[in-house]
There are 2 protein chains.
Amino acid sequence: MSKCEQCIVREFSSLKALTKQELVQLSDCKTSHIVKKGEIIFKEGDTVNGIYCIKDGVCKLIKLSANGKDHIVKLVTKGELLGQRSMISEEPVNLSAVALDDMQVCFIPKSEVMGYFDKNNKFSMNVMKTICGDLKEADDQMVNLAQKTVKERLAETLLYLHDTFGTNGDASLKVQLSRDDLASMIGTATESCIRLLSDFKKLGLIELSGKKIILLDLSKLKKLAE
Amino acid sequence: MSKCEQCIVREFSSLKALTKQELVQLSDCKTSHIVKKGEIIFKEGDTVNGIYCIKDGVCKLIKLSANGKDHIVKLVTKGELLGQRSMISEEPVNLSAVALDDMQVCFIPKSEVMGYFDKNNKFSMNVMKTICGDLKEADDQMVNLAQKTVKERLAETLLYLHDTFGTNGDASLKVQLSRDDLASMIGTATESCIRLLSDFKKLGLIELSGKKIILLDLSKLKKLAE
DNA sequence: ATTAAAATATGATATTTATCATAATAAAAG
DNA sequence: CTTTTATTATGATAAATATCATATTTTAAT
């Protein structure tokens, strides 16, 4: 079993506040898991008795709507924690988590995490700040969905993927979303998403080859995203 | 100066966790304010060095979008606290708060609140749960904006106003929003909102008289909201 | 009370976006 | 390697929504 004390990823999450002693204890009670691309980590409505720490890979947090389509609320990647909100609220999770890559995740049982909450003030403050950050982002996204056009949202999302997850050697976006996923991230029909990508390609803003997307003109995309 | 120990409203917020001693101390450092309808409590970008406790009235939390229109992210009413996120994140507020009614609010300086955070575990847990609740709601709204039609969102919002803020003696919604505000709550153009209200009226779902809105057929509205 | 200003309402039209249909391409399975 | 299936792409059309114009009503101000 790998040791949390030596895990670099920890430094990027609220867990960075843990003491050496707490980390040793954590190593003993955590479990490590491999999650293959497409597999579900947890499902809306599940009772998840703890939190997941993402060691590698990216997953989508999705919410099913009344009409059966689902919406991608957020992408989460290595260094981040999953299931904090649910644990604090003492409610089932309100989102499903599905791997977009092959992932490595560690599960930390609730009992352990709650202990840190009580004893380690810095840890609980970190978690709170993270959740506050999520809330702020959610507010922003809400306004975008309410007021921006699909074209603007697509441009913005492409830039977000570029800036947040970076590019491969060939300049293509590292996170490879299907057109379907991209559409459910910006809140539109798959065909509309595909059509706009074609438009962007014709305008020389992006290059498409298979699932790969290369952003060619960042500044024009920024203007389009307003 | 009114005493917090005797304030009923406190029982409805995170402040219910405070001890008698803490409440006495709170009474000494809080300031009470009257905010007239339409007045601004704080503005996006402001540094608010504390939190507001709403004793009476309702306000809207709005966010300005790039195109100049603003979006109502949330309505907040008596018993609730304002500015918690900003205080925890140690960032300027990301939303503006504008009174929809004449309001009574109390301001509690940051130094005081942070003291409770450190010493009163129940209080900080309450605040966390509130923010987690806000995040869950934000996720829901996001999906609604992404996937529901304007008609569905209008029906849902009318029901929300009905269920959350109640009705007057004549069965009209207690919170009176302008058509403009209603539109910026559901994320549509003012004219579209007005048009749909007229449609609902013609269908016998609601009654309109001036600014007053009366919901006549809750179950049909529920079906419309899906 | 009268005028001015703002809010509400409705029609006409343009634009955006979704849906349905079908083709082309890519990926997976046998 | 070939067949099947899923994904991506594009056209045609329908539906939803925004915008512009203008009328009506309500509210506020003089």
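To find a chain, count down the sequence lines: A is the first, B the second, and so on, and within it residues start at 1.
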Rounding to an integer number of Å, can you tell me how far B/I213 CD1 sits from D/dT26 P?
15 Å

Closest contact, heavy atoms only, B/L215 versus B/L158
CD1-O, 3.6 Å

Length of the CZ-C1' vector between A/F200 and D/dT8, whole Å
17 Å

Give a yes or no on whether a salt bridge exists between B/K63 and A/D139, defined as a side-chain N under 4.0 angstrom from a carboxylate O.
no

Please give me the minimum heavy-atom distance between B/N168 and B/L173, naming the atom from each residue.
ND2-O, 3.5 Å

Let me know the distance between CG of A/D199 and P of C/dT17, rounded to the nearest Å.
11 Å

Gap between atoms NZ and P, on B/K36 and D/dA28 respectively (whole Å)
14 Å

In short, A/N94 meets A/E44 closest at the heavy-atom pair O-CG, 3.2 Å

Contact state string [nucleotides 3-11 of chain C, B base, S sugar-phosphate only, - no protein heavy atom under 4.0 Å]:
-----SBBB

Nearest-Å distance, CD (A/E152) to P (C/dT16)?
10 Å

Scan nucleotides 15-17 of chain D against the protein and return all N/O pairs shorter than 3.5 Å with their distances rounded to 0.1 Å.
residue : atom : partner : partner atom : Å
D/dT17  : OP1  : B/V150  : N            : 2.9

When you measure from the side chain of A/D46 to the backbone N and O of A/K43, does any donor-acceptor pair fall under 3.5 Å?
yes

In terms of side-chain geometry, is the basic nitrogen of A/R85 or A/D134 positioned less than 4.0 Å from the acidic oxygen of its partner?
no

Got a donor-acceptor contact below 3.5 angstrom from the B/H71 side chain to the A/V143 backbone?
no

Looking only at side chains, do B/E156 and B/N144 share a donor and an acceptor under 3.5 Å apart?
yes

